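Reading through the structure tokens given below for one structure.
Just so it is clear, the model here is predicted, and its values are computed rather than measured. When a residue number appears, it is its place in the shown sequence, counting from 1.
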Amino acid sequence: MDRGSRSSLQGRLFAWLMLPLLVVLPVLGIALYEQVQKSAQSWLDEGLEDTALTLAGQIDLRSGAPGIDISVTMDRALRFDRQDDVFYLVLAPGGEVMQGDAGLTEVLPRPQALPPGGSRFGDVRLRGRELRLAQLGRDCGGGAACQVMVAETLHKRDALQREIAGFVALTGLVLALLLALAGWAAVRQGLAPLTGMSLELERRDLLHLTPLTSPLPRELVPLQAAFNRLFERLNRAAEAQREFLADAAHQLRTPLTSLQTEIELAMLEPHDQRVDPLLERLRQRVVRSARLAQQLLSLARAEDRTVDVGQRIDLRDIATESGQDWAHRSLPSGVDLGFELADAPALGHAFLLREALENLIHNAVSYAGAGARITVRCGSGRDEGAWLEVEDNGPGIAPAERPVAMQRFRRGEGAVGAGSGLGLAIAADIATRHGGRLELLDAHGEHGLRARLSLPAAPDSISTV
């Protein structure tokens, strides 16, 4: 399954966090809208009721029969409203119109008479218009009740309803966005320890199996402990493999060297010349096996984590020692081995770096061919650190094949000779062990290969290049 088809833990947690919000928030929004709408309606109804009470207060019972006299000024005041039309009507106990708009008697549904002190609010229709009606029962003597009605159109109520709906919707949307952002941030923050652990795991390999030590939440501590136990088992297995490799290489090297010596002595003794090709093939096979055993031993040493690679050294001394050893070995093959050395202070382990240079020179001698020209260089710079370089004018390695050539037991497509495919891999491992790198570059000439091993410069060193 590819990465794109896998479900995201962060997405799943966010979805489960947002699901209740998507369900609850609309319900809360509707409830809030209804509550605010109810409060606004009650406030507007109180305004109608106040007008009705004012009218009821104008009913005069002093003459024994109810009467009411509304001046023009008061009539205007009762009807004044910037948005709605206001209507009022006062009816005698018998239903006769005492004052106001007689048309209110035609509203539907028709209002029923109220007892003294009673009140009622309702939505009615009058000649196709929607109205809000407030009705009061006013004691008009003898237990009879006058009916006071005040009605208004719904313009401001509709406008207020739209405003409330818009406010609630906007508030809900903003709240949803804020909660979504907060939820997403909370999920990311909550999963940050997992991201940190994954990055720390990415840096682990068989050469770096140190325990995970980052502080984690309680829920992740068992997972961290499980990984650390796994690293411990892998470390033991890798250590056992390295010990086996070193022991086997060490045990093989001595008898192979003895066998090589015996074969060379046999070739010097009087014998049938017809067996010379056989003896020579045996000698070459033994030399190759001895070289392989030495490389396996070097590989085991390169992976030994107890080796101190922080010693102050100079790559010039290492190149000089290896050059002296290779000077006589390269003569039989007609190889022209030259040196261009400068001071190159660095931190490392001299033996391991000699092994790396040994493999680089051996690789150049083996694959460049008879009569090749090989140059060993070293130096340092402020920006590039310390470096060792082995250049030959052989057939080289195609750029596309160079990464493969540095893998164990892998050789380039055009490689010649009888190598094992370990030389460059060992040099690369030693470079990595020192915090450096091995690069396969084009030679300075028309053809060939330049193997460059770069290391961090020693602190306080001064570039001599």
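Heavy-atom minimum distance, Leu25 versus Gly172: CD2-O, 3.4 Å. Residues Leu360 and Ala451 share a closest heavy-atom pair of CD2-CB, 3.9 Å. Shown here for Cys378 and Leu388, the closest heavy-atom pair between the two residues is CB-CD2, 3.6 Å. The shortest heavy-atom contact between Leu455 and Ala431 is CD2-O, 4.4 Å.
Partners of Arg62 according to the side chain to side chain donor-acceptor pair (under 3.5 Å) rule, which considers only residues two or more places apart in sequence or in another chain, are Asp60. Residues satisfying the side chain to side chain donor-acceptor pair (under 3.5 Å) criterion with Arg132, sequence neighbours excluded, are Asp45, Asp123. Residues satisfying the side chain to side chain donor-acceptor pair (under 3.5 Å) test with Gln161, not counting sequence neighbours, are Tyr33. In this structure Ile68 satisfies the side chain to side chain contact (heavy atoms under 4.5 Å, CB included) test together with Gln58, Ile59, Ile70, Val90, Met98, Gln99, sequence neighbours excluded. For Pro217, the side chain to side chain contact (heavy atoms under 4.5 Å, CB included) criterion is met by Pro193, Glu219, Leu220, not counting sequence neighbours. Remark: Gln83 engages no residue in a side chain to side chain donor-acceptor pair (under 3.5 Å) (not counting sequence neighbours).
Looking only at side-chain heavy atoms (C-beta outward), Asn359 and Leu424 stay at 4.5 Å or farther from each other. Considering only heavy atoms from C-beta on, Leu126 comes within 4.5 Å of Glu106 through its side chain. The side-chain heavy atoms of Leu191 and Leu13, taken from C-beta on, include a pair separated by under 4.5 Å. The closest side-chain heavy-atom distance from Leu17 to Leu21 is not below 4.5 Å. Side-chain atoms of Asp314 and Ile318, non-hydrogen and from C-beta on, never get closer than 4.5 Å to each other. Two residues are said to be in side-chain contact when any heavy atoms from C-beta on lie closer than 4.5 Å; Met74 and Thr54 meet this criterion. Residues Val376 and Leu357 form a side-chain contact, since some pair of their non-hydrogen atoms from C-beta on lies under 4.5 Å apart. Two residues are said to be in side-chain contact when any heavy atoms from C-beta on lie closer than 4.5 Å; Leu104 and Val107 meet this criterion.
Applying the side-chain hydrogen bond (donor to acceptor under 3.5 Å, both in side chains) definition to pairs two or more places apart or across chains, those involving residues 448-459 are Glu384-Arg452, Glu389-Arg450, Glu389-Arg452. Residues in residues 171-190 take part in no side-chain hydrogen bond (donor to acceptor under 3.5 Å, both in side chains) pair, two or more places apart or across chains. Applying the ring-ring contact (aromatic ring centres under 6.0 Å, His included) test to pairs two or more places apart or on separate chains, none has a residue in residues 56-76. Note on residues 163-177: no pairs pass salt bridge (charged side-chain N to carboxylate O under 4.0 Å, His left out), not counting sequence neighbours.
Of the inter-residue distances, the one linking Leu44 atom CG with Leu160 atom CG reads 6.0 Å to the nearest 0.5 angstrom. Atom OG1 of residue Thr105 and atom CG of residue Leu91 lie 7.5 Å apart, to the nearest 0.5 angstrom. With rounding to the nearest 0.5 Å, the separation of CG in Leu131 from CZ in Arg125 is 9.5 Å. Here the straight-line distance linking atom CZ of Arg354 with atom CD1 of Ile361 works out to 12.5 Å at 0.5 Å rounding. How far CH2 of Trp387 is from CG of Leu315: 10.0 Å, rounded to the nearest 0.5 Å. A distance of 8.5 Å separates CG of Leu453 from NE2 of His434, quoted to the nearest 0.5 Å.
Counting only distance, with no hydrogens or angles, the side chain of His447 and the backbone of Asn393 share a donor-acceptor pair below 3.5 Å. Looking only at distances, a side-chain donor or acceptor of Ser198 sits under 3.5 Å from a matching main-chain atom of Thr195. Judged by distance alone, with hydrogens and angles left aside, the side-chain atoms of Glu391 form a donor-acceptor pair with the main-chain N or O of His444 at under 3.5 Å. Distance alone, capped at 3.5 Å, places no donor-acceptor pair between the Ser42 side chain and the Lys38 backbone.
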Show every donor-acceptor pair shorter than 3.5 Å between a side-chain atom in residues 137-154 and any protein atom, with sequence neighbours excluded, or say none if there are none.
| unit_1 | atom_1 | unit_2 | atom_2 | d |
| --- | --- | --- | --- | --- |
| Arg138 | NE | Ala56 | O | 3.1 |
| Asp139 | OD1 | Gly141 | N | 3.0 |
| Gln147 | OE1 | Leu114 | N | 3.0 |
| Gln147 | OE1 | Gln135 | NE2 | 2.9 |
| Gln147 | NE2 | Leu114 | O | 2.8 |
| Glu152 | OE1 | Lys156 | NZ | 2.9 |
| Glu152 | OE2 | Arg157 | NE | 3.4 |
| Glu152 | OE2 | Arg157 | NH2 | 3.3 |
| Thr153 | OG1 | Asp84 | OD1 | 2.7 |
| Thr153 | OG1 | Asp85 | N | 3.0 |

All N/O donor-acceptor pairs, side-chain side in residues 222-229, below 3.5 Å, sequence neighbours left out:
| unit_1 | atom_1 | unit_2 | atom_2 | d |
| --- | --- | --- | --- | --- |
| Gln224 | NE2 | Leu212 | O | 3.4 |
| Gln224 | NE2 | Ser214 | O | 2.9 |
| Asn228 | OD1 | Leu212 | N | 2.6 |
| Asn228 | ND2 | Leu212 | O | 3.2 |
| Asn228 | ND2 | Gln224 | O | 3.4 |

Problem set entry | Stepwise side chain to side chain contact (heavy atoms under 4.5 Å, CB included) check, Phe121 with Gln41 | CA-CA 11 Å; Phe121 300 91; Gln41 188 85 311; over 6 Å; no

Problem set entry | Derivation of the side chain to side chain contact (heavy atoms under 4.5 Å, CB included) call for Glu355 and Ile430 | CA-CA 8 Å; Glu355 287 289 327; Ile430 292 175; 4.0 Å; yes

For this session: List the steps and the verdict of side chain to side chain contact (heavy atoms under 4.5 Å, CB included) for Leu230 and Leu234.
Result: CA-CA 6 Å; Leu230 175 61; Leu234 288 176; 4.1 Å; yes

For this session: Quick one: do Phe231 and Leu201 satisfy side chain to side chain contact (heavy atoms under 4.5 Å, CB included)? Show the steps, please.
Result: CA-CA 10 Å; Phe231 292 159; Leu201 288 173; 3.4 Å; yes

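The residues Arg79 and Asp75 are annotated as salt-bridged, a charged nitrogen and a carboxylate oxygen being separated by less than 4.0 angstrom. Salt-bridge formation is detected for the pair Glu232/Arg236: a Lys NZ or Arg NE/NH1/NH2 atom is positioned less than 4.0 Å from an Asp or Glu carboxylate oxygen.
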